[in-house]
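Presented below is the structure to which this report refers.
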Amino acid sequence: MAIQAKSAQEMYEALKPKLSKLMPDFEIRAKAEVAYKIQQKKLERGAIILGHNYMEAALYNSVPDVVGDSLELSRRAAKTEANPIVFCGVRFMAETAKILNPDKTVLLPAEKAGCSLAASITAEDVKKLRAAYPGVPIVTYVNTYADVKAEVDICCTSANASKVVESLKSDTVIFLPDEYLARNVAAETGKQVIYPFAKPNTKAPRGTLIAWKGRCEVHEKFTPQDIQDARRQFPDVVVLSHPECSPEVVAASDFSASTTRMVEYVRTSKAPHFLILTECAMGDNIIAENPNKDILRLCSIRCPHMAEITLEDTLAALEHNRYVVDVPNPIRDRARRSLERMLEIG
Ligand code: 13P
Ligand code: SF4
């Protein structure tokens, strides 16, 4: 996936066809110079670069050895021999790579790179839920920190959430922390959603998902009105939304799935117009790959945490060995079990 260039000029020539619809030539040249330095440093250090689909276009299209959604990146992190692992994504993703590779150095190019979902729940919250609903299996979305993963039975991503819930063979499941993803999974699996502690000490009815009040600060901004407005202007537009969007947005869309499945959908569809309701930089990456298709996206809606990761910071990460991500034991081993159970399911 990463461009192999013999010079900054070669890097520029490889990037130009992908980026020329997105930025002026002088910027492509400047980005190519940084990308070439990253390539050199990566080879020198024997590193691997993993990049989430939300990385800005110059980064996404140049230096990552692997790009993908959370599930693919977790799988590749579990298999890699390379060391260090540079994770171009947000902290919970880099933590996942560290949990799966305890003996390797994992570098996150920005110090914080948080996530509103990961910030919405603590390990203490999970312990309270476990006590309130004894015997009910707990699933957490990977968009959580390691101490939360350590308290649950299994993880899931947007690519396998319904499959993980169904694998538990339980009428009632606690699904954390994304309220909207829980409601979208409930719609797919035929379960009802209830909220914890709404009626303290009541037993959850059969066929229930017990949800939490976390929301993605990016995807909660999309509305059914956005879809109606786009359809009025382009009656043949195909609307793709991420399942972190509200159930109303998902219901008004033509397709809803993980970021990689959205990328694949546009790649294989013959439709002329698409509206991409997810982080805006991914729309840029889809435009770069599909220059003959019209891709609409709402670029006032960017994930501020993903946007913290730049080419310049990725170079600094390799040069200065920063920012090292650590997950101490025993949290690491317990979180690893929840991740491995998910990876076994696929
Ligand atoms: P994916 O696993 O679909 O890439 O989603 C990750 C994410 O953070 C979406 O906001
Ligand atoms: Fe978290 Fe939302 Fe950003 Fe994804 S887009 S990293 S869920 S805040």
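Numbering of ligands and ligand atoms starts at 1, following listing order.
Looking only at heavy atoms of the protein, atom 8 (S) of ligand 2 is closest to S116 N, 3.7 Å. The protein atom (non-hydrogen) at minimum distance from atom 8 (O) of ligand 1 is N143 ND2, 3.3 Å. The protein heavy-atom contact nearest to atom 3 (Fe) of ligand 2 is C303 SG, 2.4 Å. Among protein heavy atoms, the minimum distance from atom 1 (Fe) of ligand 2 is reached at C115 SG, 2.4 Å. Closest to atom 5 (O) of ligand 1, if we only count protein heavy atoms, is H242 NE2, 3.3 Å.
Within the 2.8 Å limit, C216 places at least one N, O or S atom next to atom 2 (Fe) of ligand 2.
Remark: K31 engages E312 in a salt bridge, criterion side-chain N to carboxylate O under 4.0 Å.
The shortest heavy-atom contact between I227 and L275 is CA-CD2, 4.4 Å. Looking at every heavy atom in both residues, C245 comes nearest to Y180 through O-CB, 3.5 Å. The two residues Y141 and H242 make their nearest non-hydrogen contact at OH-CE1, 3.6 Å. Between P243 and V250, the shortest heavy-atom contact is CA-CG2, 4.3 Å. Closest approach of V63 and A35 over heavy atoms only: CG1-O, 3.6 Å.
For ligand 2, the atoms lying closer than 4.0 Å to a non-hydrogen atom of L117 are 7 (S). Short contacts between ligand 2 and N143, defined as distances under 4.0 Å to a heavy atom of the residue, involve ligand atoms 7 (S). Which parts of ligand 1 touch S258 is read off a 4.0 Å heavy-atom cut-off, strictly below it: atoms 3 (O). Interface of S158 with ligand 1, defined as ligand atoms under 4.0 Å from a residue heavy atom, comprises 1 (P), 2 (O), 3 (O). Taking every non-hydrogen atom of H219 and a distance limit under 4.0 Å, the qualifying atoms of ligand 1 come out as 10 (O).
In E244, the part holding a heavy atom less than 4.0 Å from any atom of ligand 2 is the side chain.
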Working note: Y54 + M282, criterion side chain to side chain contact (heavy atoms under 4.5 Å, CB included); need CA distance, chi angles, decisive distance, verdict.
CA-CA 5 Å; Y54 289 166; M282 196 175 98; 3.9 Å; yes

Go through the steps to decide whether Y195 and E179 satisfy the test side chain to side chain contact (heavy atoms under 4.5 Å, CB included), and finish with yes or no.
CA-CA 9 Å; Y195 294 95; E179 175 196 352; 2.8 Å; yes

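Considering backbone and side-chain N/O of S70, one or more are found under 3.5 Å from N/O of ligand 1. Remark: ligand 1 and E244 share an N or O pair separated by less than 3.5 Å (distance only, no angle test).
Ligand 1 has at least one atom lying under 4.0 Å from a heavy atom of H52. In this structure, E279 has no heavy atom closer than 4.0 Å to ligand 1. Taking 4.0 Å as the cut-off, T157 does not count as a neighbour of ligand 1 on heavy-atom distance.
Distance check for C115 and C216: the SG atoms are not under the 2.5 Å cut-off.
D153 pairs with exactly one of R341, R130, R337 by the salt bridge (Lys or Arg N to Asp or Glu O under 4.0 Å) rule, that one being R130. With D284 as the fixed residue, the salt bridge (Lys or Arg N to Asp or Glu O under 4.0 Å) test singles out one of R302, R297, K21: R297.
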